[in-house]
Participant: 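Before I ask anything, here is the structure I am working with.
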Amino acid sequence: MECGIVSYGAYIPRHRISVKEIARIWNEDGDGLSKGLNVIEKSIPGFDEDTATISVAAARNALVRCSVNPKDIGAVYVGSESHPYAVKPTGTILAEAIGATPNSMVADLEFACKAGTAGMQMCMGLVKSGMIKYGLAVGADTSQGAPMDPLEYTASAGGAAFIIGAENVIAKINKTLSFTTDTPDFWRREGQTYPRHGGRFTGEPAYFRHITSCAKMLFEAAGTKPTDYQYAIFHQPNGAFPSKVGKTLGFTPEQLKPGLIVPYIGNTYSGAVPVGLSAVLDVANPGERIFVVSYGSGAGSDGFDITVTDEILKLRRDAAPSVKQYVDRKKNVDYAIYAKMRGKIRMAGE
Amino acid sequence: MTVPRFWREIPQRYNLIGSKCGSCGTVDFPPRTICPHCRRKSIGKMEDIKLSGKGEIVSYSIVREAPEGFEIQVPYAMALIKLDDGPTLTAQIVDCELEEVKIGARVEAVFRRIQEESKSGVIYYGYKFQLAMPQVK
């Protein structure tokens with residue numbers, strides 16, 4: 001059975017803070033950091049935004065582009081590491097806000113930065129087994145980096161939603177597989193505000209090992225090589241890592257560029273690969289092939305071999321804002337406003 | 001607001017579900033159980049209707065002294081919005097500069113956090129509005 005993406009939608013909050021501005025506070029070399037990370041600025045959620053509101057905005061953008069009846073969505077999965085509640089699902093808020101209740105399976109997922117792609121795989125299984133007609137998978141985050149921590153320069157907010165189904169598929173998922181090990185490179189304990197990480201340990205044994213292993217498995221399973229693809233999207237905790245892993249695997253900067261959004265909005269964690277994939281679907285043509293590998297600390301990678309179909313020409317892509325439109329719609333703020341927006345200032349009574 | 005009251009209002013707060021009189025066609029928001037024009041004639045004829053969430057600013061005010069829970073957001077704009085479907089409602093205008101809030105400006109509904117009971121309490125979500133993206137204009 002053919003199965004894949006029926007529609008997609010992304011959302012990025014409006015406010016930004018530059019790497020240079022954050023570096024100014026901590027007396028670091030802003031230009032050097034910005035260049036080294038290949039990140040200019042990162043998005044900040046508004047006072048009234050969280051993973052639930054970002055998920056709803058992205059999902060509504062996906063729905064407005066297609067003719068799917070929300071009542072036909074039989075599963076709703078929200079992948080995030082910043083669900084608004086510790087106990088109470090984000091998925092129920094999303095399902096209610098798009099009209100997919102009450103006959104739907106709903107659950108929140110968490111797998112660091114790859115919970116969104118894990119949701120896509122789960123929806124594929126349910127669609128292919130015939131249990132549901134459509135599934136909605138969302139990857140969204142309002143990630144937190146501790147002040148002065150290297151992650152503070154990139155931890156941002158955003159997300160994207162994918163309707164997975166077997167009819168009117170705009171991008172067929174030919175193959176998906178995962179590479180998973182127990183690798184504690186990044187974590188956040190219950191009740192803790194900020195995550196912790198293993199510093200350089202997050203590189204070679206974590207990000208690079210999982211992505212390259214997953215990518216090689218996917219090449220073998222799909223019988224493909226880098227030159228078979230027009231686009232390649234890798235998890236983008238910063239702009240340097242995906243460029244390096246892409247080069248190692250044999251992809252060119254031209255294949256990576258359309259889906260590399262992190263330099264302008266930072267690392268949207270569970271939203272990172274989904275937003276990159278949305279940016280590629282904004283411009284992709286029928287017959288083009290997309291290579292996708294996400295990465296979630298802890299650790300694992302989900303790989304997808306995708307072919308864009310003729311159906312994409314029938315999708316009302318212009319009915320919702322493109323990723324580029326959201327990237328361009330921005331307002332920069334200084335560190336003081338950023339600290340206020342992210343609740344980093346301790347108020348009276350707290 | 002109590003949790004049950006918020007829960008009862010979820011359809012209108014999340015999805016702008018209003019009511020339409022089956023007798024005279026008047027659309028109301030928030031939804032009514034009886035049409036204010038047709039009164040008894042409308043009994044049993046009131047239908048739920050999902051409003052488009054698109055409209056125009058009729059008037060607005062800039063809030064500089066906010067009620068409890070909204071202090072951190074000042075200054076912000078509250079506007080009377082005439083929806084394309086008919087009803088007029090009051091909502092916060094977000095994600096723009098205050099100078100951009102003008103009478104006649106096209107706006108569209110967005111889904112946002114409205115309030116929270118406390119740091120450990122329930123979060124209330126609902127509609128706010130933003131200046132319409134090009135797709136809506």
Side-chain angles (χ1 to χ4, degrees), chain A residues 9 11-15 45-61 63-65 70 83-88 90 92-101 142 193 316-322 325-326 328-331 337 339-343 345 347-350, chain B residues 3 6-17 48 50-54 63 66 68-76 91-100 108-137:
Chain A
Y11 178 79
I12 301 159
R14 174 172 173 251
H15 291 88
F47 293 111
D48 54 3
E49 291 184 300
D50 61 21
T51 293
T53 67
I54 290 169
S55 301
V56 171
R60 284 181 175 171
N61 281 340
L63 280 165
V64 80
R65 285 190 165 120
H83 291 288
Y85 290 94
V87 178
K88 197 220 159 291
T90 308
T92 54
I93 301 166
L94 169 61
E96 197 77 52
I98 59 165
T101 49
T142 56
T193 305
R316 298 186 293 276
R317 281 192 274 190
D318 289 345
S322 65
Q325 260 181 288
Y326 279 125
D328 293 343
R329 181 196 75 147
K330 61 163 188 154
K331 180 187 180 175
I337 297 292
K340 180 176 148 184
M341 291 181 74
R342 295 304 283 134
I345 299 174
M347 310 295 281
E350 283 188 352
Chain B
V3 171
F6 165 74
W7 173 77
R8 274 196 298 275
E9 294 175 354
I10 278 179
Q12 64 206 57
R13 289 176 180 273
Y14 284 18
N15 284 315
L16 289 170
I17 303 296
D48 285 349
K50 188 179 186 319
L51 306 178
S52 67
K54 292 162 190 166
V63 178
E68 193 183 341
F70 296 87
E71 302 92 335
I72 206 166
Q73 298 183 41
V74 294
Y76 61 87
Q92 187 178 342
I93 307 292
V94 294
D95 280 347
C96 67
E97 298 305 303
L98 294 179
E99 308 83 78
E100 294 176 280
E108 61 182 320
V110 291
F111 184 83
R112 294 294 170 93
R113 280 169 94 117
I114 306 295
Q115 219 176 345
E116 59 184 17
E117 270 182 354
S118 64
K119 285 289 169 208
S120 62
V122 166
I123 304 165
Y124 300 129
Y125 294 90
Y127 58 84
K128 293 188 179 182
F129 280 71
Q130 68 176 11
L131 297 180
M133 298 284 279
Q135 278 77 6
V136 172
K137 283 175 183 168

Participant: Quick one: do B:Glu97 and A:Arg14 make a salt bridge, cutoff under 4.0 Å?
Facilitator: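 A salt bridge links B:Glu97 with A:Arg14.
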Participant: Should B:Tyr125 and A:Asp50 be marked as a side-chain contact (heavy atoms from CB on, under 4.5 Å) after you check the CA-CA gap, both sets of side-chain angles, and the distance that decides it?
Facilitator: CA-CA 10 Å; B:Tyr125 294 90; A:Asp50 61 21; 2.6 Å; yes
Participant: Which residue out of B:Ile114, B:Val110, B:Ile123 racks up the most heavy-atom pairs below 4.5 Å with chain A?
Facilitator: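 That would be B:Ile123.
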Participant: Tell me, for B:Lys119 versus chain A, whether the close heavy atoms (under 4.5 Å) come from the side chain, the backbone, both or neither.
Facilitator: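 For B:Lys119, the contact with chain A is made by the side chain alone.
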Participant: Please flag which part of A:Lys88 lies under 4.5 Å from any non-hydrogen atom of chain B: side chain, backbone, both or neither.
Facilitator: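 Neither part; nothing is under 4.5 Å.
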Participant: Quick one: of A:Ala57, A:Ala320, A:Gly46, who has the most non-hydrogen atom pairs under 4.5 Å with chain B?
Facilitator: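 It is A:Ala320.
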Participant: At a heavy-atom separation under 4.5 Å, does B:Ile10 approach chain A through its side chain, its backbone, both, or neither?
Facilitator: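 For B:Ile10, the side chain is the part near chain A, not the backbone.
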Participant: Do you know which of A:Val64, A:Asp318, A:Ile93 has the most heavy-atom pairs with chain B at a distance under 4.5 angstrom?
Facilitator: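 Top count of heavy-atom pairs under 4.5 Å with chain B: A:Ile93.
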Participant: To the nearest 0.5 Å, how far apart are CD in A:Glu49 and NZ in B:Lys128?
Facilitator: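 Rounded to the nearest 0.5 Å, the CD-NZ separation comes to 9.0 Å.
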Participant: Supply the atom-to-atom distance A:Asp48 CG to B:Ile72 CD1, rounded to the nearest 0.5 angstrom.
Facilitator: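 One finds 11.5 Å between CG of A:Asp48 and CD1 of B:Ile72.
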Participant: When only pairs under 4.5 Å are counted, which of A:Pro84, A:Pro321, A:Ala319 shares the most heavy-atom pairs with chain B?
Facilitator: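 Result: the option with the highest number of such pairs is A:Pro321.
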Participant: Hey, are the side chains of A:Arg329 and B:Asp95 touching, using non-hydrogen atoms and a 4.5 Å cut-off?
Facilitator: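 Sidechains of B:Asp95 and A:Arg329: in contact.
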Participant: Can you tell which part of B:Val94 gets under 4.5 Å to a heavy atom of chain A, answering side chain, backbone, both or neither?
Facilitator: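 Answer is side chain: those atoms of B:Val94 sit under 4.5 Å from chain A.
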Participant: Identify the heavy atoms of B:Arg113 and A:Phe47 that sit nearest to each other, and give their distance.
Facilitator: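 Minimum heavy-atom contact is CD-O, 4.5 Å.
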Participant: Rounded to the nearest 0.5 Å, how far does OH of B:Tyr14 lie from CG of A:Leu94?
Facilitator: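 Taking CG in A:Leu94 and OH in B:Tyr14, the distance rounds to 10.5 Å.
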Participant: So do the side chains of A:Met347 and B:Glu71 get within less than 4.5 Å of each other, counting heavy atoms only?
Facilitator: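 The answer is no, as the side chains (C-beta and beyond) never meet within the 4.5 Å cut-off.
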